Amino acid sequence: MKRRDFLKGLVSTSYVVLSGASVLAPLNALAAAGAKKDDGWLTTGSHFGAFKMKRKNGVIDQVIPFDSDKYPTDMINGVKGLVYNPSRVRYPMVRLDFLLNGHKSNTSQRGDFRFVRVTWDKALHLLKDSLDEVQTKYGPSGLHAGQTGWRATGQLHSCTSHMQRAIGMHGNFVKKIGDYSTGAGQTILPYILGSTEVYAQGTSWSLILEESDTIILWSNDPYKNLQVGWNAETHESYAYLAQLKEKVKQGKIRVISIDPVVTKTQKYLGCEQLYVNPQTDVALMLGIAHEMVTKNLHDTKFIEGYSLGFDQFLPYLMGESDGVAKTPEWASEITSVSPEIIRDLAKVMTKGRTQMLMGWCIQRQQHGEQPYWMAAVLATMIGQIGLPGGGISYGHHYSSIGVPSSGAAAPGAFPRNLDEDQKPIFDSNDFKGASSTIPVARWIDSILEPGKTIDANGSKVTFPDIKMMVFSGNNPWNHHQDRNRMKQAFHKLECVVSIDVNWTATCRFSDIVLPACTTFERNDIDIYGSYANRGLLAMQKMVEPLYESLSDFEIFTRFAAVLGKEKEYTRGMSEKDWLVKLYNDCKAANAGKFEMPDFEGFWKEGYVYFGEGKPWTRHADFREDPEINPLGTPSGLIEIFSRKIAQYGYDDCPGHPTWMEKAERSHGGPGSNKFPVWMQSCHPDKRLHSQMCESAEFRETYAVKGREPVYMSPADAKQRGIKSGDIVRVFNDRGQLLAGAVVSNNYPQGVIRIQEGAWYGPVGADGSKEGGAKVGALCSYGDPNTLTMDIGTSKLAQACSAYTCLVDFEKYKGKVPEVSSFSGPIETQI
Ligand SMILES: Nc1nc2c(c(=O)[nH]1)N[C@H]1C(S)=C(S)[C@@H](COP(=O)(O)OP(=O)(O)OC[C@H]3O[C@@H](n4cnc5c(=O)[nH]c(N)nc54)[C@H](O)[C@@H]3O)O[C@H]1N2
Ligand SMILES: Nc1nc2c(c(=O)[nH]1)N[C@H]1C(S)=C(S)[C@@H](COP(=O)(O)OP(=O)(O)OC[C@H]3O[C@@H](n4cnc5c(=O)[nH]c(N)nc54)[C@H](O)[C@@H]3O)O[C@H]1N2
Ligand SMILES: [Mo]
């Protein structure tokens, strides 16, 4: 991207994606009342990219990508629907029985949709009263406000930070460690490769394109997943994928996608597809490794010079320690990949330069640590770690990893924690013997089994007795597993608070709901290009906050005022003051290196551009000299055997990578007699998790009869008398949902996909919204987490295992209930 092209991005109006029309009438009027005069194009950033927007009659009318964005995502067509949609939270609201009975309310009514409108003042005082009650009765272990998620971009308004700083001014609370994305990977890889790897900058795409002979996409769909980024995406990675497509066509690079399903990337690149039985990749990798050793294809010099513990792993691989040689034949039985193909893979991967690109999905399953560890062992045996276009990456599908970083200093953010000299009102750190930090995906366990002690990453975690939860910028009734189990846990909570833009299921299962405005209704600044850090974007307010919604900054400034701590919270600075400060601090940090205009100049232009970074090879320094540049592992080397992990003595995560059977596995594995189908709940093509599901018109572009699609093979469909467009009931012993069938050759028999982020919309047996509160309710829209299993990956990471999940499905013959997900609460008067 040249500077000239980038500049053009801000003046062109040629690429009109959307025109006005079809917003809700009352919303229209309100927006118009609040909006300023119509002016020209404004700029903004979002997870979906950098846009320009234009208003008409006070309403956002056109949304177009920056000209420099040559690969804008389709999701730009859903952006207006993020602002104007029927699910918006319009006013502060309180659950009916909570308003009547407070902490003694009937919590089994939670989720029955009945809410009462209250004033902001009332809502914020209720929040304070609840916090007072919990801190007084239970102390900080009674409060969990530590979940995080994909809040809107923006360095100032990052909403979870606002919530945590403000709640922290009242008292301490339980926090989380890790995340749902890479929970197993980020825990195991520091032992193996010395860093989390998953969030590290990777070898530049340009070098991969120049040097690689073979690229293995392992459980990896970058063409789908690079549409969004942690910050505003430039979508430059797509230019590299386009070059890769060309090289595949010319036969210059061989790309193999190892995946149970045909991915969007595989179709785009026109590359090879290798089917593997779900959850069996470790067996496949072991089979490949066995063949490498048998044929002496592995790089013994690299193994000796750069790694530790191959000799402790070898007896397991060859079957001397457990009597089972991990031969291609053995692997074939488990994986359904033929021994010939496994042998060929061993040859192909050790001939020429091979770049392994791992996706994250295979570590979101039981024993999810193992495929990442074993993949690192394979890469070590190939011996190309630290070479351009060789070795292993765990992140090229994510947030522009592989696009060189500009090297500029990024702007700071609004502080999440208290300032050093600040103290909370309830200044206690007494967690009553329980842990103050718990693995991110184990919070429902904690609510259900307070006081229980579990193993986690070499330590013990004792579950706190959580009585109150506060959520902002994440949607746990999207992201967590097993809805019916969640309901049971929520019955035990005295108070649940949600600050969100929309009536998500999390809001509907809360007691106090506070309306936040969208990112398009406030001013902010964003990093342009996530890892590439190409520049800074002005996020210019498009319209005033709709209804009674407020920015998160404003919500928690008001709450801090209720605590008598407004000045402490804001440091006496307004939104504008903060933006200027964040900008000027960044300008000072870049002085002499990257030129930045003054704030006013930046705001007028809408962006600052830092330019391109230099191509770079991951682990090159380690390869050059492992003594001077050791890895962050205990030995400084790649640890094929980890003494530290072995010393933990975990049965589900021993000292070297190991194939272990799963609690549930399709294709002949445990549980497949009863529920023969593996459900994968991959990341959505046309959403960011649950975000944009609310965008009603856009949702209709992929929904089937108003339901979330369930993708299935022709064979499975035929066997059950199902055709595309039918409404299907998907079920197991944990739950049931309705979804709309899409029959597709991309799916093999025994595998279905329902994308995560489909809004949970439970209804009772009579089809009523109220009935949705009950355990066992039917999800009317198709949230896959109605069916997933809520167990930790292992005693090491205790991470999310959503992909260890078997189901069955049938054509739905009952009366089809209305979808309850999107219409908000049942407004009730008292
Ligand atoms: N079955 C299954 N489950 C999964 C996964 C899977 O693959 N399968 N993936 C997991 C992964 S990797 C992840 S990252 C998680 C994602 O889980 P989450 O991060 O919880 O998902 P989001 O839907 O992005 O939730 C963000 C919420 O923040 C709200 N929000 C956005 N902007 C603002 C704002 O400015 N202010 C406020 N107050 N709120 C705002 C949105 O409306 C939305 O409700 O899901 C996990 N769950
Ligand atoms: N469009 C879009 N992009 C996103 C997101 C989004 O919500 N929408 N979310 C972002 C976030 S937070 C994250 S964490 C990443 C997620 O990144 P990933 O977790 O890598 O993404 P997925 O697309 O869920 O899964 C990738 C592939 O893994 C395959 N797979 C699943 N199980 C197995 C298995 O057992 N073996 C093998 N070999 N393959 C398997 C799936 O079929 C799929 O093709 O995506 C990011 N990008
Ligand atoms: Mo994620």
Side-chain angles (χ1 to χ4, degrees), residues 47-48 73 75 82 87 89 147-154 157-160 162-163 179-183 198 217-222 224-230 257-266 274-281 284 358-365 368 371 395 397-399 441 471-481 498-502 504-507 514-519 521-522 549 551-552 555 678-694 751 753-757 759 783-785 787-788 800 802-805:
H47 293 297
F48 313 98
T73 162
M75 283 184 260
L82 291 178
S87 310
V89 185
Q147 289 294 109
T148 60
W150 276 73
R151 88 290 182 273
T153 69
H157 285 287
S158 183
C159 59
T160 314
H162 285 282
M163 183 273 279
D179 57 43
Y180 285 80
S181 310
T182 64
V198 289
L217 289 168
W218 209 312
S219 170
N220 201 350
D221 196 356
K224 167 170 74 67
N225 289 336
L226 288 165
Q227 293 176 88
V228 300
W230 184 246
S257 170
I258 304 183
D259 203 301
V261 311
V262 174
T263 64
K264 208 176 168 186
T265 309
Q266 190 272 339
L274 179 61
Y275 168 84
V276 57
N277 281 343
Q279 306 189 84
T280 65
D281 300 82
L284 177 56
M358 308 298 296
W360 291 347
C361 215
I362 36 169
Q363 49 88 60
R364 244 178 274 121
Q365 53 180 243
H397 61 292
Y398 180 68
S399 286
F471 300 109
S472 177
N474 61 88
N475 182 4
W477 284 79
N478 160 50
H479 70 225
H480 198 69
Q481 286 59 61
S498 278
I499 302 98
D500 206 302
V501 178
N502 298 304
T504 60
T506 304
C507 290
L514 305 178
C517 67
T518 66
T519 192
E521 296 156 68
R522 61 200 186 201
S549 70
S551 74
D552 295 274
I555 292 171
W678 179 63
M679 182 191 73
Q680 54 162 224
S681 44
C682 288
H683 285 232
D685 186 24
K686 292 185 186 298
R687 286 193 297 263
L688 171 59
H689 314 298
S690 72
Q691 298 185 65
M692 211 170 266
C693 199
E694 70 272 25
V751 173
R753 175 180 297 189
I754 307 179
Q755 299 171 117
E756 60 101 8
W759 278 33
D783 169 13
N785 277 323
L787 304 166
T788 48
C800 156
Y803 291 77
T804 298
C805 178

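As the structure lists them, so they are numbered: ligands from 1, and atoms in each ligand from 1. The structure displayed is predicted, hence computed values, not measured ones.
Of the protein's heavy atoms, Asp500 OD1, 2.6 Å lies nearest to atom 42 (O) of ligand 1. Nearest non-hydrogen protein atom to atom 35 (O) of ligand 2 is Gln279 N, 2.9 Å. Here the protein heavy atom with the shortest distance to atom 20 (O) of ligand 2 is Trp360 N, 2.8 Å. Counting protein heavy atoms only, atom 19 (O) of ligand 1 is closest to Trp150 N, 2.8 Å. Closest protein heavy atom to atom 7 (O) of ligand 2: His689 N, 3.0 Å. Of the protein's non-hydrogen atoms, Ser219 OG, 2.9 Å is the one closest to atom 28 (O) of ligand 2. Distance from atom 10 (C) of ligand 2 to its nearest protein heavy atom, with residue and atom name: His683 ND1, 3.7 Å. At the top of the distance list for atom 43 (C) of ligand 2, counting protein heavy atoms only, stands Asp259 OD2, 3.5 Å. Closest to atom 34 (C) of ligand 2, if we only count protein heavy atoms, is Ile362 CG2, 3.1 Å. Ranking protein heavy atoms by distance to atom 36 (N) of ligand 2, first place goes to Asp281 OD1, 2.7 Å.
Counting heavy atoms under 4.0 Å from ligand 1, residue Ser681 touches it through both backbone and side chain. Under 4.0 Å from ligand 1, heavy atoms of Asn474 appear from its side chain as well as its backbone. Contacts of Thr280 with ligand 2, taken as heavy-atom pairs under 4.0 Å, are absent altogether. Looking at Glu521 against ligand 1, nothing comes within 4.0 Å, counting heavy atoms. Residue-level proximity to ligand 1 for Gln481 is carried by the side chain, the only part with a heavy atom below 4.0 angstrom.
The aromatic rings of His47 and Trp230 sit tilted, their planes meeting at an angle between 30° and 60°.
Within the 4.5 Å cutoff, no side-chain heavy atoms of Trp150 are placed close to those of His479. Proximity of Asp281 to Val276: side-chain heavy atoms (C-beta onward) are separated by under 4.5 Å at one or more points.
The closest approach between Thr519 and ligand 1 stays at or above 4.0 Å for every heavy atom of the residue. Using a non-hydrogen distance threshold of 4.0 Å, Ser472 registers as a contact of ligand 1. Distances shorter than 4.0 angstrom do not occur between any heavy atom of His162 and any atom of ligand 1. Residue-ligand proximity: His157 is placed with every non-hydrogen atom at 4.0 Å or more from ligand 1. Under the 4.0 angstrom criterion for non-hydrogen atoms, Gly473 is in contact with ligand 1.
Side-chain contact annotation: Asn474 with Thr148, donor-acceptor N/O pair under 3.5 Å absent. Side-chain polar atoms of Asn502 and Glu694 form a donor-acceptor pair below 3.5 angstrom.
Across the listed options Ile258, Asn225, Asn277, Thr804, Asn225 owns the non-hydrogen atom lying nearest to atom 46 (C) of ligand 2.
Set against the non-hydrogen atoms of Ala516, the atoms of ligand 1 under 4.0 Å away are 36 (N), 37 (C), 38 (N).
By the 3.5 Å distance cut-off applied to N or O atoms, Ile499 is counted among the residues near ligand 1.
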